[in-house]
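The block underneath contains the structure these notes are about, expressed in structure tokens.
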Amino acid sequence: MVSTGTAAKSTVFAAAPAGSDLLEVPCAQRNGVLEMMAMRRDPFAFGDERLARLGQVSGLNALGVKMVIAAGPRAADEILMNRDKAFANGPAWSYFIGPFFNRGIMLLDFDEHRHHRHILQQAFTPSALKGYMQEMQPMIAERVADLPTGNVKMFEQFKSLTLDVALEVFLGLELPKDQADKINKAFIDTVRAGVAYVRKPVPGGRWWKGLRGRRVLEEFFYDNIAAKRARETPDLFSVLCHVEGDEGEQFTDADVVNHMIFVLMAAHDTSTITMTQMAYRMAKSPEWQRRAREQSLELNPELGYDDLGKLSVLDLVLKESLRMCPPVPAQPRMAVKDTSVQGFFVPKGSMVTVPQMTNHRDPEFFTNPDMFDPERFSAERKEDKGHRMAWTPFGGGVHKCIGLYFGQMEIKTILHHLLRNYEWSVPEGYQIPMDYSALPVPKDKLPVDLRRR
Ligand code: HEM
């Protein structure tokens, strides 16, 4: 077997089949649980240290999981494009979020995934997006105009705003505050449960709260489904109740509930995290805030669907923020047969991870990767185009984010209103303290000084 030059500092993940010329994945000698904790504490340092010590493809064994971390866009291409169907989403994502996001589209695979995605796609066509934009525009304008000023925790504001947008645009329901709060809490609990260390329903623990949250959400959607089936309205919930496949087949009630719970989750935190990062970066770099505001002021307060393309400065800031802090920091897959990645043997049953956070800082594609430099996405530099998997905040392959246009539309609309009406700043030298234990969120909720213009 060919071994890697790092053998002295590592063990081997799995022996490659006799007679094959596949490499063996080097594995850290340190206890896998400690490795996993280090990864959550500081994924940047963890990724750098692994790359330096073990190379681009390395393994770890922790909590009964055998995981291969395959860095670099070439490995991402092999895994996400999945040409020989060696990698599955369901068994990998289920490990983290299975009981809470059961049968969400991202957890389906192969033919079944294709079938559901084909139907779901109809809820994200340009004409559907235009409809959602019309629905959300007035409420975003109103909500942004009502923001408090002074010391404001932007993460909290964005989170509650995106939840309200989601409830209106996806559910078409105006919920009383106590019910909206209940749904919000149920979401937070379901999302947080996925990264619980204790993966058993111990009362009061994260896992237990996640299961309770899922029950609250299911009950809520089942209670409303009959009314949605009875009448067509322009929201996602209604669209899912009425869309048909090529043979006229419809989603069952259970499909609708599972997809709604998943899509709401997928839309909510990802957009909140992105806006928080954009607000942070524009507070630290007032010149970018000024340039983005200038473009927003040239447009009408009410942003039209066709105006989105005119916010080119905001677009650069969005792309760079997604590069520096991808809201979904890694994409796990399960090897469903013996396979290989970049010439390394990967046995059936291994979890294989594409670490976007590490890939987005690859100096082969991004100059000074730790520097906030939105111009790297300009037409002249196009650093993201060096490889089709160099910049993948929305993933790649058949599971690529179905809401990427919706998400960008919502984010740009909210920031357009924010830029037109406010200025904001953070104290000199402020660095956002991040918690990477689940999705990357600021521990301090990003307090800024928000002033009306
Ligand atoms: C900036 C915001 C967003 C980011 C960064 C993001 C990121 C991602 C990523 C990385 C994946 C792929 C995961 C994988 O392959 O394992 C994904 C999938 C998905 N996203 Fe997003 N997302 C965002 C917003 C949204 C929004 C707004 C929606 C819904 C309106 C949405 C719905 C979905 C769905 C349904 C999937 C699963 C698709 C499939 O498996 O076929 N996302 N997202």
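Numbering of ligands and ligand atoms starts at 1, following listing order. Excluded from the calculations below are hydrogen atoms, water molecules and symmetry mates; all remaining heavy atoms, backbone and side chain alike, are included.
Distances below 4.0 Å separate heavy atoms of H113 from the following atoms of ligand 1: 39 (C), 40 (O), 41 (O). Of all atoms in ligand 1, numbered sequentially from 1 with element shown, those under 4.0 Å from a heavy atom of F124 are 30 (C). In summary, the atoms of ligand 1 found under 4.0 Å from a heavy atom of V263, numbered by their order in the structure, are 29 (C). Close approach of ligand 1 to F170 (heavy-atom distance below 4.0 Å) involves ligand atoms 30 (C). Per-residue contacts place P327 under 4.0 angstrom from the following atoms of ligand 1 (heavy atoms of the residue considered): 5 (C). Close contacts between ligand 1 and G407 involve ligand atoms 27 (C) [criterion: under 4.0 Å to a heavy atom]. Remark: ligand 1 atoms within the under-4.0 Å shell around heavy atoms of A266 are 24 (C), 25 (C), 31 (C), 32 (C), 33 (C), 42 (N). The distance from ligand 1 to the heavy atoms of F406 drops below 4.0 Å at these ligand atoms: 27 (C), 30 (C).
The pair K412-D307 fails the salt-bridge criterion, with no side-chain N (NZ, NE, NH1 or NH2) lying under 4.0 Å from an Asp/Glu carboxylate O. Looking at R388 and D77, a side-chain N of the basic residue comes within less than 4.0 Å of a carboxylate O on the acidic one, giving a salt bridge. The existence of a salt bridge linking R290 and E294 is confirmed by a sub-4.0 Å separation between a basic side-chain nitrogen and an acidic carboxylate oxygen. Between K177 and D181 there is a salt bridge, since a side-chain N of the basic residue sits under 4.0 Å from a carboxylate O of the acidic one.
Between the side chain of Q277 and the backbone N or O of M275 there is no donor-acceptor pair closer than 3.5 Å. Looking at K284, its side chain does come within 3.5 Å of a backbone N or O of Y430 through a donor-acceptor pair. Remark: the backbone N or O of K348 is paired with a side-chain donor or acceptor of D338 at under 3.5 angstrom. Formation of a donor-acceptor pair under 3.5 Å by the Q408 side chain with backbone atoms of L404 is found in this model. With H113 contributing its side chain and M106 its backbone, the two residues share no donor-acceptor pair below 3.5 Å.
Here's the thing with S271: none of its N/O atoms is less than 3.5 angstrom from an N/O atom of ligand 1. Geometrically, ligand 1 and T274 share no nitrogen or oxygen pair separated by less than 3.5 Å. Annotation: K400 places no N or O atom under 3.5 Å from an N or O atom of ligand 1; distance criterion only.
Scanning all protein heavy atoms for the shortest distance to atom 22 (N) of ligand 1 gives C401 SG, 3.1 Å. The nearest protein atom to atom 13 (C) of ligand 1, hydrogens excluded, is given as M106 SD, 3.6 Å; this is a heavy-atom distance. The protein heavy-atom contact nearest to atom 38 (C) of ligand 1 is R117 NH1, 3.4 Å. For atom 3 (C) of ligand 1, the closest non-hydrogen atom on the protein side is T270 CB, 3.4 Å. For atom 26 (C) of ligand 1, the closest heavy atom belonging to the protein is A267 CA, 3.5 Å. The protein non-hydrogen atom at the shortest distance from atom 5 (C) of ligand 1 is P393 O, 3.5 Å. Ranking protein heavy atoms by distance to atom 28 (C) of ligand 1, first place goes to G403 CA, 3.5 Å. The protein heavy atom nearest to atom 40 (O) of ligand 1 is H399 ND1, 2.6 Å.
Contact annotation: for V328 versus ligand 1, heavy atoms closer than 4.0 Å belong to the side chain alone. Looking at E410 against ligand 1, nothing comes within 4.0 Å, counting heavy atoms.
Contact between R333 and ligand 1 is present, with at least one heavy atom of the residue lying under 4.0 Å from the ligand. Distances from ligand 1 to the non-hydrogen atoms of H268 include no value under 4.0 Å.
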request  = Verify side chain to side chain donor-acceptor pair (under 3.5 Å) between Q342 and E78, making sure each step is shown before the conclusion.
outcome  = CA-CA 8 Å; Q342 294 293 288; E78 267 185 273; 2.5 Å; yes

inquiry  = Under the criterion side chain to side chain donor-acceptor pair (under 3.5 Å), I'd like the reasoning laid out for R291 against Q295: C-alpha separation, chi angles, the key distance, then a yes or no.
reply    = CA-CA 7 Å; R291 286 179 60 188; Q295 280 192 335; over 6 Å; no

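A distance below 6.0 Å separates the ring centres of F406 and F170.
No more than 12 heavy-atom neighbours from other residues, nucleotides or ligands sit within 6.0 angstrom of CD on E302. With a 6.0 Å radius and a threshold of 12 heavy atoms from other residues, nucleotides or ligands, R83 has its CZ atom above the threshold.
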